[in-house]
There are 2 protein chains.
Amino acid sequence: MKRNLSETCYDFFSTLANPTRLAILELLRGGPKNVTDIANNLNQEQSMVSHNLKPLEKCRFIFSERKKRERLYSLNRETMEPLFKTFIYHSEKYCPAGGRCLTEGELREQKRKDASSKVFVTH
Amino acid sequence: MKRNLSETCYDFFSTLANPTRLAILELLRGGPKNVTDIANNLNQEQSMVSHNLKPLEKCRFIFSERKKRERLYSLNRETMEPLFKTFIYHSEKYCPAGGRCLTEGELREQKRKDASSKVFVTH
DNA sequence: CAGATGTATGAATAATTTTTCATATGTAGG
DNA sequence: CCTACATATGAAAAATTATTCATACATCTG
């Protein structure tokens with residue numbers, strides 16, 4: 001029952017496509033934290049943090065273990081660091097507009113640059 | 001005006017978090033295609049394909065160039081291949097359930113395995 | 001075991017995103 | 001310049017996802 005990339009990737013990327021969850025992942029780069037700490041750090045409700053931790057753990061971007069009363073969440077660095085690295089490389093090379101995607105005008109400008117510097121690749 | 005990861009990553013990952021767009025990216029691994037070809041291959045409306053091509057190009061996951069009447073879209077392999085590679089590695093190691101995220105039961109089972117095989121990392 | 005602390009859950013509402021359909025724009029050829 | 005082909009766009013409707021709030025559950029401590 002092999003499934004193709006586009007099917008299997010969807011959970012993976014949609015779990016990452018959320019500002020709160022990305023903020024949690026970034027926070028956990030600094031080390032394991034419990035739910036309350038995460039909520040305080042991000043200025044978010046505890047229940048919202050819990051709701052968002054669930055898909056992150058389901059996809060195993062984070063791990064968790066109980067420690068006394070609390071539950072410590074930690075980052076799956078093996079996956080997340082390469083992912084962040086690819087993002088950073090891409091955004092620095094292709095999206096120099098402060099790391100975000102391009103506006104219409106910026107896109108036109110980039111395409112012009114690409115064309116003149118032969119970076120443009122059509123394969 | 002440096003922005004943190006969680007802000008800048010959002011466009012990047014949310015553009016990938018869509019089945020149609022993932023299918024387009026996968027299709028373009030096979031080489032450049034025009035809009036009509038993509039629509040036919042995916043059995044989707046042309047307008048829907050166009051709508052989905054836009055964010056992909058905005059984030060520069062794909063490039064495009066006009067060729068006579070049509071417009072040829074091609075994959076930014078430099079970004080997409082490492083991304084797919086990270087996904088495949090992750091899903092094979094952490095989500096052996098056919099490449100998708102885990103169900104409740106599967107997650108418990110995995111955590112048990114992690115614990116016994118010392119793969120579990122808390123950092 | 002009662003209370004305190006920490007976390008998870010369900011369900012309603014709110015917000016965002018996707019899809020569709022009609023139509024506009026852009027380009028090449030006769 | 002008229003027509004056909006190729007692609008893009010806007011706006012409404014549909015679908016999905018996020019957020020909130022109340023409350024349940026689980027664990028530790030005295």
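Chain A is the first sequence line, chain B the second, and so forth, proteins listed ahead of strands; every chain is numbered from 1.
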Spell out yes or no: do the side chain of Thr36(B) and the base of dC5(D) have one donor N/O and one acceptor N/O closer than 3.5 Å? no

Tell whether Gln46(B) reaches the base of dA6(D) with its side chain through a donor-acceptor pair below 3.5 angstrom. no

Counting only side-chain heavy atoms from C-beta out, which of [options] sits nearest to [X]?
{"X": "Lys54(A)", "options": "dT19(D), dA6(D), dT9(C)", "value": "dT9(C)"}
{"X": "Asn34(B)", "options": "dT7(D), dA6(D), dT17(D)", "value": "dT7(D)"}
{"X": "Lys68(B)", "options": "dC28(D), dG29(C), dT17(C)", "value": "dG29(C)"}
{"X": "Met48(A)", "options": "dT29(D), dT9(D), dT19(D)", "value": "dT19(D)"}
{"X": "Arg69(A)", "options": "dT27(C), dA4(C), dC21(D)", "value": "dA4(C)"}
{"X": "Val35(A)", "options": "dT7(D), dA28(C), dT7(C)", "value": "dT7(C)"}
{"X": "Ser50(A)", "options": "dT7(C), dT7(D), dT16(D)", "value": "dT7(C)"}

Calculate the interatomic distance between [X] atom [atom1] and [N] atom [atom2]; express it in whole Å.
{"X": "Glu45(A)", "N": "dA14(C)", "atom1": "CD", "atom2": "C1'", "value": "14 Å"}
{"X": "Arg66(B)", "N": "dC5(D)", "atom1": "CZ", "atom2": "P", "value": "17 Å"}
{"X": "Asp37(B)", "N": "dC5(D)", "atom1": "CG", "atom2": "P", "value": "16 Å"}

Please tell me whether Tyr94(B) and Phe61(A) form a close aromatic pair, meaning their ring centres lie under 6.0 Å apart. no

Strictly below 4.0 Å: does [X] bring a side-chain N or O up to OP1 or OP2 of [N]?
{"X": "Tyr10(B)", "N": "dT17(C)", "result": "yes"}
{"X": "Thr20(A)", "N": "dA18(D)", "result": "no"}
{"X": "Arg71(A)", "N": "dA26(D)", "result": "no"}
{"X": "Asn18(B)", "N": "dT17(C)", "result": "no"}

Can Leu75(A) and Glu81(A) be said to form a side chain to side chain contact (heavy atoms under 4.5 Å, CB included), step by step? CA-CA 10 Å; Leu75(A) 193 66; Glu81(A) 292 303 339; 4.2 Å; yes

What about Tyr89(B) and Met80(A), same hydrophobic cluster or not, with Ile/Leu/Val/Met/Phe/Trp/Tyr joined at side-chain heavy-atom distances under 4.5 Å? no

Would His51(B) pass as stacked on dT9(D), i.e. its ring centre under 5.5 Å from the base's six-membered ring centre and planes under 30° apart? yes

Using the rule given for side chain to side chain contact (heavy atoms under 4.5 Å, CB included), can you reason through Asn34(B) versus Lys67(B), listing the C-alpha separation, both sets of side-chain angles and the distance that settles it, and then say yes or no? CA-CA 9 Å; Asn34(B) 70 25; Lys67(B) 191 135 189 197; over 6 Å; no

Under 4.0 angstrom, heavy atoms only, what part of the nucleic acid is Ser47(B) near: base, sugar-phosphate, or nothing? base

